[in-house]
Trainee: 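My questions all concern the structure below.
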There are 2 protein chains.
Amino acid sequence: MGNQMTEMLKGTLEGIVLAILARRSAYGYEITAWLRDRGFSDIAEGTIYALLVRVEQRGFVDVEKVPSEKGPPRKVYSLNAKGRDQLAEFWRTWSVLAERIEQLHHNDNQHDEGA
Amino acid sequence: MGNQMTEMLKGTLEGIVLAILARRSAYGYEITAWLRDRGFSDIAEGTIYALLVRVEQRGFVDVEKVPSEKGPPRKVYSLNAKGRDQLAEFWRTWSVLAERIEQLHHNDNQHDEGA
DNA sequence: ACCGGTACACGGTAACGCTAGGTACCGGTA
DNA sequence: TACCGGTACCTAGCGTTACCGTGTACCGGT
């Protein structure tokens, strides 16, 4: 999609994926499809795989290889304790940023509504 | 500050600065101080100047050189029509992203409150 | 003569998401 | 048999962005 969303996803996409994995374990292809369904912009498949490699290397997730009847084996990722800490940290940072930005948004709208 | 905030600012910092300029014209040093006061993390001075050069080159702002009694002349930036369009686009993108992320946040908290 | 505050600018670095490919397994169809 | 499309994963190179450190310059006070 647009450039704007691409840049804004930097730093948040990892949190988004961790939040998804907090709900239930999943594999890359599944996560990509899930995001696409939710209209979470057109996130490239490769981006998700690269991100998953990153969070695995940082020890935020555990991985299990599970055979599939429809193709190559799936790599199923599960959020572990360290990952939950990271997710909590993500939410803290997000809250701070979102709050400050919303304040700007309100002030902005005050003097320039509907432009 | 933290890595997390640094990455999250990518893509949002430009919108933040445009929003500030929407309220009133300002120069780099002033914007930096403003952000620092608002606790908007410890944004590096150099970052703001680089960003201002960028938005100027894209034609989102008009610039006027104003002499200062306290040092070198100030470069005062004003948001123009194109910049207002860009800011509106920023808010649209932000709203979409923030809404989707908040949904994840709620779902996340449901099964893992206060962990 | 010196220091600190004001004000701007630049080069190199790291992180991130995107693009555009490639590999491999499988079932259905011509 | 040959081919295509869906499933599932991976990689290299690229552009954008924010950070760090440093440098320049103007000015007033001591």
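None of the values given here were measured: they were computed from a predicted structure. Each chain gets a letter, A, B and so on, in the order the sequences are listed, and its residues count up from 1.
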Trainee: For the residue pair B:Trp91 and A:His105, establish whether any side-chain heavy-atom pair is separated by less than 4.5 Å.
Mentor: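 Contact flag for B:Trp91/A:His105 side chains = yes.
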
Trainee: Are the side chains of B:Met8 and A:Thr12 in contact, using a 4.5 Å heavy-atom criterion?
Mentor: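 When only atoms from C-beta onward are counted, B:Met8 and A:Thr12 do touch, with a gap below 4.5 Å.
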
Trainee: Taking 4.0 Å as the cut-off, does a side-chain nitrogen or oxygen of B:Tyr27 come that near to OP1 or OP2 on C:dC8?
Mentor: no

Trainee: With rounding to the nearest 0.5 Å, note down the distance linking CD in A:Glu30 to CZ in A:Arg24.
Mentor: 5.0 Å

Trainee: Could you tell me which nucleotide pairs with C:dA30 by Watson-Crick or G-U wobble geometry, both distances under 3.5 Å, or answer none if nothing does?
Mentor: D:dT1

Trainee: When the distance from CZ of A:Arg74 to P of C:dT23 is rounded to whole Å, what number comes out?
Mentor: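 So the two atoms are 23 Å apart, to the nearest Å.
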
Trainee: Between A:Tyr29 and A:Arg74, is there a side-chain heavy-atom distance shorter than 4.5 Å?
Mentor: no

Trainee: Going by purine N1 to pyrimidine N3 plus the second Watson-Crick contact, or the G-U wobble pair, all under 3.5 Å, which nucleotide sits opposite C:dC3?
Mentor: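 C:dC3 is paired, partner D:dG28.
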
Trainee: To the nearest 0.5 Å, how far apart are CZ in B:Phe40 and CG in A:Leu104?
Mentor: 5.5 Å

Trainee: Output one letter per nucleotide in nucleotides 9-17 of chain C: B when a protein non-hydrogen atom lies under 4.0 Å from the base, S when only the sugar-phosphate is that close, - when neither is.
Mentor: SB----BBS

Trainee: Are any protein N/O atoms closer than 3.5 Å to N/O atoms in nucleotides 25-30 of chain D? If there are, list each pair with its distance.
Mentor:
none

Trainee: B:Leu35 versus B:Ile16: any side-chain heavy-atom pair under 4.5 Å?
Mentor: yes

Trainee: How long is the line joining CD1 of A:Ile48 and P of C:dA20, in whole Å?
Mentor: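 So the two atoms are 18 Å apart, to the nearest Å.
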
Trainee: Transitively linked via ILVMFWY side-chain contacts under 4.5 Å: A:Phe60 with A:Val63?
Mentor: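 Both belong to a single hydrophobic cluster.
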
Trainee: Report the distance from atom CE of A:Met8 to atom P of D:dG15, rounded to the nearest whole Å.
Mentor: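 So the two atoms are 22 Å apart, to the nearest Å.
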
Trainee: Measure CG/B:Leu52 against C1'/C:dA7 and give the value in whole Å, please.
Mentor: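 The distance from CG of B:Leu52 to C1' of C:dA7 comes to 12 Å, rounded to the nearest Å.
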
Trainee: Report yes if at least one side-chain N or O of A:Tyr29 is closer than 4.0 Å to OP1 or OP2 of D:dC9; otherwise report no.
Mentor: no

Trainee: Rounded to the Å, how far apart are A:Glu30 CD and D:dT7 P?
Mentor: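 About 12 Å, once rounded to whole Å.
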
Trainee: Under a 4.5 Å side-chain heavy-atom rule over Ile, Leu, Val, Met, Phe, Trp and Tyr, are A:Val76 and A:Ile31 clustered together?
Mentor: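 The answer is no; the residues belong to distinct hydrophobic clusters.
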
Trainee: Return the nucleotide paired to C:dC16: Watson-Crick means purine N1 to pyrimidine N3 with N6-O4 or O6-N4, wobble means G-U with N1-O2 and O6-N3, both under 3.5 Å.
Mentor: D:dG15

Trainee: Could you grab the distance from atom OH of B:Tyr27 to atom CG of B:Leu52, nearest 0.5 Å is fine?
Mentor: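 One finds 12.5 Å between OH of B:Tyr27 and CG of B:Leu52.
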
